[in-house]
Protein chains: 2
Amino acid sequence: MSLAITSTTIKVACSSCNLRELCMPISFGTEDMKRLDEVVATRHHVKQGELLFRDGEPFKSLFAIRTGFFKTSVSTPEGHEQVTGFQMAGEIIGLDGIVTDQHSCNAVALEDAEVCVMPFANVEELSREFPVLQRHVHKIMSREIVRENSMMLLIGNMRSEERLAAFLLNLVQRLHARGFSQSEIVLRMSREEIGSYLGMKLETVSRAFSKFSDEGIIEVKQRYVAILNAPALKKIVNPTGCV
Amino acid sequence: MSLAITSTTIKVACSSCNLRELCMPISFGTEDMKRLDEVVATRHHVKQGELLFRDGEPFKSLFAIRTGFFKTSVSTPEGHEQVTGFQMAGEIIGLDGIVTDQHSCNAVALEDAEVCVMPFANVEELSREFPVLQRHVHKIMSREIVRENSMMLLIGNMRSEERLAAFLLNLVQRLHARGFSQSEIVLRMSREEIGSYLGMKLETVSRAFSKFSDEGIIEVKQRYVAILNAPALKKIVNPTGCV
DNA sequence: GCTGCGTTTTGATGTATATCAAAAGATAAG
DNA sequence: CTTATCTTTTGATATACATCAAAACGCAGC
């Protein structure tokens, strides 16, 4: 198991977690909330660069990200990596493991991270008891399906600059929902990882960054990105602007 | 609702359905099976070319395909279509609608089809009662997530011929699991729809078909495809052949 | 400070696939 | 059977992006 060495284990409670409204159903009463604490068994620390789980490993738990930033990826037999997602605080990873009881992707921490370990048996048991939790689990899985649908659309139909624009807008939007700036990002991933996620090469990512920068749409300093002209970015994603 | 006009409604039972082992948990006893029949409310017929549901429509039910063949797709605001999947008998569609209570893609019948309508409220209620059904629903959703992960890998990392080879192999494998030939397919979708699914243009699809045909790997006559050399196809998908 | 290593940028060139175009087959309608 | 329409194939050309290469930059260790 990838967790073994560096992770520490802490018993904690969802009821006192400030991320609760992101990863748990909000409509819980305080009574129910105490029962809900049973979902989370422990917490684990994952250092930057370490694997939370890897392809082929037995699946036992879902993980709710408390702090830090992850990437998930799959690989071709020849070793080509495809990043399938970037996940931040409040998001759930490990859903891929349910179908075969084995994980089918790798999850790597892109910065030091802390996750809540939710044994899937607990999740299922409490889901039977609490319809609101059941519904929540279903929604999380459905959301992931919808997200991947839109990634297929992005990779299959859009041009490189449109992809990067969509990526940046998605990222700030999610960060903003977590109380961060609406216009400034510190990227946790390399150009290569962005490229893998968006189905393009790192050089193409870099060129797109430079182009946006030249046009005054963004300011780029390494992994710091400031969005100077969000409407312009949106227009790149959706040229007709009819939405 | 897209269902209104041409669909007919029949009350039916999973317990007597020969597709049961494909879309329902197999480990059900006969007693439980009777309760399980409550999941399916009705059946609907969908004619070729008709929509089962469309993007934006309220989500109420999942659909189990009994006969026929569907495609699901999403669109850019400008109208570019991305086919997100092809579904056949025993497969479940509509999972995209759970997260927002609205469908986020379109489902079109590519041939006359019959679906079992499973109101999601029923699914959730019985899931609470039957852990085996609950687990089954989770697995179906997880499977879809994993499938889409591999589609991202395919569209993002593979070349056109590899994509088509992977597509054909996946299709025969699923058809074979349903008792059809291991080597012969009658495609239900156009070159354009294949291209949309695989992130390439219809001409490129056609060229790849012709290439495989010239090399004696397949035989193509319009929508009829015979796989003459499956190992060669597999080698195209996975050149190293180490798996 | 300097040195070495990984990341990012930028430029020159190559190539897979898109695009444009037209012919050849299928399918359906009259 | 003939005509019209749609799908598929094939060819010629264009182009977005990949690839190859090298310089610039940032960061960690000395």
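Heavy atoms only: backbone and side chains are in, while hydrogens, waters and symmetry mates are out.
Among the nucleotides C/dT9, D/dG26, C/dA18, the one closest to the side chain of A/Leu202 is C/dT9. Residue B/Gln222 has its side chain nearest to D/dT8 when only D/dG26, D/dT8, D/dA16 are considered. In this structure, the nucleotide among D/dT9, C/dT19, C/dT8 sitting nearest to the side chain of B/Lys201 is C/dT19. Counting only heavy atoms from C-beta on, B/Arg207 has its side chain closest to C/dT19 among C/dT8, D/dA18, C/dT19.
Salt bridge absent: A/Glu50 and A/Lys47 never bring a charged side-chain N and a carboxylate O closer than 4.0 Å. The existence of a salt bridge linking B/Glu91 and B/Arg66 is excluded, since no basic side-chain nitrogen approaches an acidic carboxylate oxygen closer than 4.0 Å.
Taking atom CD on A/Glu203 and atom C1' on D/dA16, their separation rounds to 14 Å, with Å as the unit. As a whole-Å value, the separation of B/Phe209 CZ from D/dT7 P is 16 Å. Look at CG on A/Leu187: it is 16 Å from P on D/dG26, rounded to the nearest Å. Atom NE2 of A/His80 is separated from atom C1' of D/dT19 by 12 Å (rounded to the nearest Å). One can place CG of B/Leu164 at 17 Å from P of C/dA16, the figure rounded to the nearest angstrom. Taking atom NZ of A/Lys221 as the reference point, atom P of D/dG26 lies 9 Å away to the nearest angstrom. When the P atom of C/dT10 is taken as reference, atom CZ of A/Arg191 falls 10 Å away, rounded to whole Å. The CD atom of B/Glu192 sits 19 Å away from the P atom of D/dT5 (whole-angstrom rounding).
Between B/Leu233 and the options B/Leu228, B/Leu164, B/Ile217, B/Val172, a side chain to side chain contact (heavy atoms under 4.5 Å, CB included) holds for only B/Ile217.
In this structure, B/Ser160 reaches the sugar-phosphate backbone alone: every heavy-atom distance under 4.0 Å involves primed, P, OP1 or OP2 atoms, never a base. Backbone-only contact: A/Ser210 has heavy atoms under 4.0 Å from sugar-phosphate atoms and none from a base. A/Arg163 comes within 4.0 angstrom of nothing in the nucleic acid, heavy atoms only.
A cation-pi arrangement is absent between B/Arg188 and B/Phe86, since the terminal nitrogen or guanidinium carbon is not both under 6.0 Å from the aromatic centre and inside a 45° cone about the axis.
Judged by closest nucleotide on DNA chain D, B/Val220 is the one of B/Val220 and A/Val205 placed further toward the 5' end. Along DNA chain D, the nucleotide nearest to A/Gly199 and the one nearest to B/Ser190 differ in position, and the one closer to the 5' end is contacted by B/Ser190.
Here A/Arg223 does not reach the OP1 or OP2 of C/dT7: none of its side-chain N or O atoms lies under 4.0 Å away.
Relative orientation of the B/Phe53 and B/Phe63 rings is parallel, given thresholds of 30° and 60° on the angle between their planes.
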